[in-house]
Undergrad: 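Can you read through this structure? Questions will come right after.
Each chain gets a letter, A, B and so on, in the order its sequence line appears, and its residues count up from 1.
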Amino acid sequence: GQQVMQIPQYQHVQEGEDFTTYCNSSTTLSNIQWYKQRPGGHPVFLIQLVKSGEVKKQKRLTFQFGEAKKNSSLHITATQTTDVGTYFCAGHGNKLVFGAGTILRVKS
Amino acid sequence: DSGVTQTPKHLITATGQRVTLRCSPRSGDLSVYWYQQSLDQGLQFLIQYYNGEERAKGNILERFSAQQFPDLHSELNLSSLELGDSALYFCASSAPRQGPYNSPLHFGNGTRLTVT
């Protein structure tokens with residue numbers, strides 16, 4: 001069945017360093033969504049990518065959707081302590097499947 | 001505030017017991033999803049309802065059941081509880097799909113279940 005793999009599982013960075021999390025799907029996706037869950041909170045929708053090769057930016061966050069629509073990445077430039085949390089991708093194939101998430105910790 | 005309401009916030013119960021978790025979706029959303037999240041783990045999809053009908057099923061145990069009522073609120077019933085069922089249970093809702101865009105999921109604050 002459809003699977004979405006997300007790496008790394010954890011990332012501990014110094015404040016100001018960059019961060020990237022990657023998602024790979026076993027099947028071609030119609031679109032992919034990204035969510036952020038702050039510690040003790042609930043997942044919150046960040047963005048959706050639909051087109052092959054699409055790149056979207058939200059301030060320091062850059063989201064990419066691969067040409068084959070099977071992979072995606074989220075890159076944060078110059079991390080801040082407010083970026084801590086777990087970042088999930090969720091791929092829509094024939095159903096919505098969440099990746100396992102990447103836990104980001106930022107050392108100040 | 002996501003507009004999704006889950007009750008109760010916390011639930012402590014003993015093994016073997018049965019509990020019911022309740023979710024009210026955002027106004028206008030027809031889909032309700034249930035997810036289980038254990039400590040520092042990912043989101044395990046349990047089940048989805050759309051306008052009262054079961055739409056998709058994930059790794060939901062036979063001891064668990066759910067339903068969506070005519071007013072679109074949903075309940076997740078967990079029975080014969082085991083220690084391993086202790087987790088955060090999220091409900092999410094979404095609006096109908098529009099074109100190529102799947103509507104985002106809006107999550108409630110979750111119900112933290114502790115089985116002792």
Undergrad: Assigning hydrophobic clusters by single linkage (Ile, Leu, Val, Met, Phe, Trp, Tyr; side-chain heavy-atom cutoff under 4.5 Å), is A:Leu49 placed with A:Ile76?
TA: yes
Undergrad: Which atoms of A:Gln37 come close to chain B, meaning under 4.5 Å heavy atom to heavy atom: side chain ones, backbone ones, both, or neither?
TA: side chain
Undergrad: In the single-linkage hydrophobic clustering (I, L, V, M, F, W, Y; side-chain heavy atoms under 4.5 Å), do A:Val97 and A:Met5 co-cluster?
TA: no
Undergrad: Which distance, rounded to the nearest 0.5 Å, do you find between the CD of B:Gln37 and the CZ of A:Phe88?
TA: 5.0 Å
Undergrad: Should the heavy atoms of other residues, nucleotides or ligands under 6.0 Å from CG of B:Asn59 be counted, would the total exceed 12?
TA: no
Undergrad: If we define contacts as heavy-atom pairs under 4.5 Å, which of A:Gly99, A:Gly41, A:Pro43, A:Ala100 has the most with chain B?
TA: A:Pro43
Undergrad: Evaluate the side chain to side chain contact (heavy atoms under 4.5 Å, CB included) criterion for residues B:Gln48 and A:Lys95: first the C-alpha distance (whole Å), next the side-chain angles of each, then the deciding distance (0.1 Å), finally the verdict.
TA: CA-CA 11 Å; B:Gln48 177 200 356; A:Lys95 58 181 179 179; over 6 Å; no
Undergrad: Could you state whether A:Val84 and A:Phe19 fall into the same hydrophobic cluster, counting links through intermediate Ile, Leu, Val, Met, Phe, Trp or Tyr residues with side-chain heavy atoms under 4.5 angstrom apart?
TA: yes
Undergrad: Test of understanding: clusters of I, L, V, M, F, W, Y form through side-chain heavy atoms closer than 4.5 Å, transitively. Do B:Phe90 and A:Leu96 belong to the same one?
TA: yes
Undergrad: Taking A:Gln48 for the side chain and B:Pro104 for the main chain, is one N or O donor matched with an acceptor at less than 3.5 Å?
TA: no
Undergrad: Measuring only between side-chain heavy atoms, which start at C-beta, is B:Leu105 closer than 4.5 Å to A:Tyr35?
TA: yes
Undergrad: Need one label for B:Ser94: side chain, backbone, both or neither, based on atoms under 4.5 Å from any heavy atom in chain A.
TA: neither
Undergrad: State the OG-CZ distance between B:Ser2 and A:Phe45, to the nearest 0.5 angstrom.
TA: 14.0 Å
Undergrad: Taking CD in B:Glu53 as the centre, count heavy atoms belonging to other residues, nucleotides or ligands within less than 6.0 Å. Is the count above 12?
TA: no
Undergrad: How long is the span from the NE2 atom in A:His42 to the SG atom in B:Cys91, to the nearest 0.5 Å?
TA: 11.5 Å
Undergrad: Do A:Leu46 and B:Phe107 share a hydrophobic cluster, counting only Ile, Leu, Val, Met, Phe, Trp and Tyr and linking them when any side-chain heavy atoms are less than 4.5 Å apart?
TA: no
Undergrad: What part of B:Phe45 lies closer than 4.5 angstrom to a heavy atom of chain A: side chain, backbone, both or neither?
TA: neither
